[in-house]
Protein chains: 2
Amino acid sequence: MLSDVMEDYLKAIYVLQTESGPPVSTSAIAERVGKTPPTVTSMLETLEERGLVEREKYKGAELTEEGRTVALEVLRHHRLLEAYLAERLDYSWSEVHEEADALEHHISEEFERRVASALGDPAVDPHGDPIPGADLEPPADDDTRPLTEVAVGDRVVIARVSDRDDEELEYLDRAGITPGTTVEVVDIAPFGMVTVVGGPDREPHGSDADGDGGEREQSLPEAIAGAVRVRPVEEVNGAAATDAGVGGA
Amino acid sequence: MLSDVMEDYLKAIYVLQTESGPPVSTSAIAERVGKTPPTVTSMLETLEERGLVEREKYKGAELTEEGRTVALEVLRHHRLLEAYLAERLDYSWSEVHEEADALEHHISEEFERRVASALGDPAVDPHGDPIPGADLEPPADDDTRPLTEVAVGDRVVIARVSDRDDEELEYLDRAGITPGTTVEVVDIAPFGMVTVVGGPDREPHGSDADGDGGEREQSLPEAIAGAVRVRPVEEVNGAAATDAGVGGA
DNA sequence: GTGAAGGATTAGACGAGTCTAACTGAAATA
DNA sequence: TATTTCAGTTAGACTCGTCTAATCCTTCAC
C-alpha cells in the first residue's frame, strides 16, 4: 500500500512532467511538495525501488507507467472532489483546492464511483483541468496555450486556470476570468501585462457578478496571465468545448 | 496539531468511557484501536503530556475536558459523514462506517459546517448514534437499553445499532431491524436468543422493503441483540422525555 | 580546458508510531 | 499471608519520512 506522502510525490511529478516534460528535477519536486531536496532524493530512491519512477542520478526522474497510473488516480480523486464540492456543497471554485488535497488520498473506489456518477461523469474540474477517466489513461493533449501567448485582437475562451495559488484564484474570480468565459485581448503591455475585454457568457461561479455582464476591461499582470490557459473560440468539438460541466451547478 | 492516530485513540477512549465509564483499561483501548498494549501505554504517555488524558499507572486512563472535546469533534465528523453518505450518496446504513472512518480526520471546519447545514443539522447518524453538536458539549444520556434487557411482551423502538461490525449490520439490515422500527419482543429463549415481531413504521434505509410492511418475526442471537439498543415506544422525539436513567451504562 | 556556481546526493540524526520480549505490579485464590 | 495469574509497563529495536551539514557532480563561462 502506498502512503499519502508517496501519492503526493507521484502527483507532483506527474503535473511537472505534464507542464514541462520529463525528466523532472529534484528541486522542482522539492519546491512543489514543500520538502527539502535531500528528502526528495531519498523518496525518489524508494519510489524507484517500488517501480513507480525511473531516474538517472543527477539528472532527474520520470514516472513509469505504473507510477503514472497512480498519479492519475490521485488526480482523478482530486478533481472529482473539487467538482463535487463546487457543485453540491456550494464551494466557490477558488476554495475547493485545499479541501480536495486533504481528502484525495482517503476516499474509496466506491466513493469515487458514486461521486462521479452523481455529477454525471464530468470531464473537467472547476478550474477547467481535465478529470482523468476511470480507465486512468492519460488525457490527450489539448489545444490550449497560456494567455500570455495570445496575439492582440484574438478572441479566446478561458480554458483553465492554475489552481496552485489561492490569491491568484481570488483575483481572477473577482476579475471574472473564469473557465468558459470568452475574452478578447486588447493589449499586451511591457512586462507582460495583458489587457482583455469580455466577461462571463454564462453564469459565473460563486457569488453572482454585478449587472454589467460582459464588457469589463481587465489588465492582468504577467504572473497571473501566465496561470491562465485559453483555447480558440471556434472550438466546438464534443468533449472539451462548450458543455463539459464547467459552470458549477 | 494532533495526528490522525492520536485522534483515533481519543475517539476510542471516549467511546469506551461512554460504554462503561472511566477509567478505561490499556487492553480495552488496544483491542479497539487494533494495536498492542505496549503501543497503547506509550501513546497514553504522549497524550498525558499533551493534557488530553489523565491516567494512573496500572489503573487506566480517562479523558480530560480537552481530550473529550477533541474526541467529540472527531465523532461529530464521523457521524455527519455517515449521515451525508447515506442521504446524499446513496450509501446504505451498513456501508457508511468505513468510509467515514477514513475521512473523519481530514475534513475542514468549513466542510463540517456545509455538510451539517446541507442535511439540516441532523441529530443522529444512520445507525441511530447521536451526532455531537457544533458546541461539542457531551450529549445527555438517553433512555435506551440493550434489546437483551427488554421484557417479553414489551413494545419498543429500535434506537440504535452498534456500528462496529459489518456482518452484524448486514444481518440486521436484512432482518429489517433498523433505527426507528417498532418491534414487540415475543420471546427470550435460552442463550439469550431474542425473538421480535414488527417492522419498519417509517421508510427503511437503503433499498425499499417489500410490501408486507411490518409483521415479520425475527429471532436474533444474543451477540447481535446485544448490539441493538431500544427505547420505549411512547417516546416521541429526541427531546429526552424523563430522567429515567435505566439504560445508562 | 579549467574553474566557479549551483543543483544533487551522501551522511548522519531525529521524532513518531509501532512491535516483541522481558519484567513488574495488583488482585484473586488458597 | 503466600502464591499464582495476568494485565500493564519497560527496554530496546525498527521503519518511515524528515531535516541539516557536508560532499559530489555537471555545466557554463572564460
Side-chain angles (χ1 to χ4, degrees), chain A residues 1-14 16-17 19-63 67 70-71 74 101-102 104-106, chain B residues 1-14 16-17 19-63 67 70-71 74 101-102 104-106:
Chain A
M1 199 46 202
L2 298 182
S3 69
D4 307 359
V5 172
M6 286 183 195
E7 291 184 352
D8 276 334
Y9 281 91
L10 261 8
K11 183 177 67 161
I13 298 168
Y14 179 85
L16 291 168
Q17 210 167 265
E19 280 171 5
S20 354
V24 176
S25 76
T26 300
S27 49
I29 300 170
E31 152 100 52
R32 201 164 220 277
V33 299
K35 301 285 155 62
T36 62
T39 300
V40 173
T41 297
S42 121
M43 179 55 77
L44 250 17
E45 281 163 3
T46 306
L47 259 14
E48 186 172 35
E49 277 163 22
R50 302 242 199 155
L52 298 162
V53 309
E54 268 163 17
R55 65 199 215 94
E56 212 178 331
K57 266 207 204 167
Y58 295 99
K59 291 294 168 42
E62 181 173 354
L63 295 177
V70 173
V74 178
D101 252 3
E104 64 189 4
H105 307 294
H106 304 103
Chain B
M1 197 46 198
L2 298 182
S3 68
D4 306 2
V5 173
M6 286 184 194
E7 291 185 352
D8 275 335
Y9 280 91
L10 260 7
K11 183 177 66 161
I13 297 168
Y14 178 85
L16 290 168
Q17 209 167 268
E19 279 170 5
S20 354
V24 177
S25 75
T26 301
S27 49
I29 301 168
E31 152 100 53
R32 199 159 222 279
V33 300
K35 301 284 154 62
T36 61
T39 301
V40 173
T41 296
S42 121
M43 180 54 78
L44 251 17
E45 282 162 2
T46 306
L47 260 13
E48 188 172 35
E49 277 163 21
R50 301 243 200 156
L52 298 162
V53 308
E54 268 163 20
R55 64 197 216 96
E56 212 178 330
K57 263 208 205 169
Y58 295 100
K59 292 292 169 42
E62 181 174 353
L63 295 176
V70 173
V74 177
D101 251 3
E104 64 189 6
H105 308 293
H106 304 103

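Naming convention: chains lettered A, B, ... in sequence-line order (proteins, then strands); numbering from 1 in each chain.
A donor-acceptor contact shorter than 3.5 Å links the side chain of B/Q17 to the backbone of B/L63.
The minimum heavy-atom distance linking B/I13 with B/V24 is given by the pair O-CG2, 4.0 Å. The nearest pair of heavy atoms linking B/D4 to B/H105 is O-CE1, 3.6 Å. Taking every heavy atom of both residues into account, B/M1 and B/R50 meet most closely at O-NH1, 3.7 Å.
Summary for the helix from C/dG1-D/dC30 to C/dA30-D/dT1: the axes at its two ends, each from 5 pairs, differ by 10° when rounded to the nearest 10 degrees.
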5' to 3', nucleotides 7-17 of chain D under a 4.0 Å protein heavy-atom cut-off (B base, S sugar-phosphate only, - none) gives SSBB------S
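In this structure, the CE atom of B/M1 is 17 Å from the P atom of D/dT18, given to the nearest Å. Atom pair A/E48:CD and C/dT9:C1' shows a separation of 13 Å (rounding to whole Å applied).
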Can you give each donor-acceptor pair under 3.5 Å made by side-chain atoms of residues 30-43 of chain A, sequence neighbours left out, with the distance rounded to 0.1 Å?
from	atom 1	to	atom 2	distance (Å)
A/T36	OG1	A/T39	OG1	3.0
A/T41	OG1	A/P37	O	3.2

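For the atom pair CD of B/E7 and CG of B/L2, the computed distance is 6.0 Å after rounding to the nearest 0.5 Å. Annotation: the span from B/S25 atom OG to B/K59 atom NZ amounts to 13.5 Å, rounded to 0.5 Å.
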field: CA sep, side-chain torsions, deciding dist, call: A/D8, A/D101, side chain to side chain contact (heavy atoms under 4.5 Å, CB included)
entry: CA-CA 9 Å; A/D8 276 334; A/D101 252 3; 5.5 Å; no
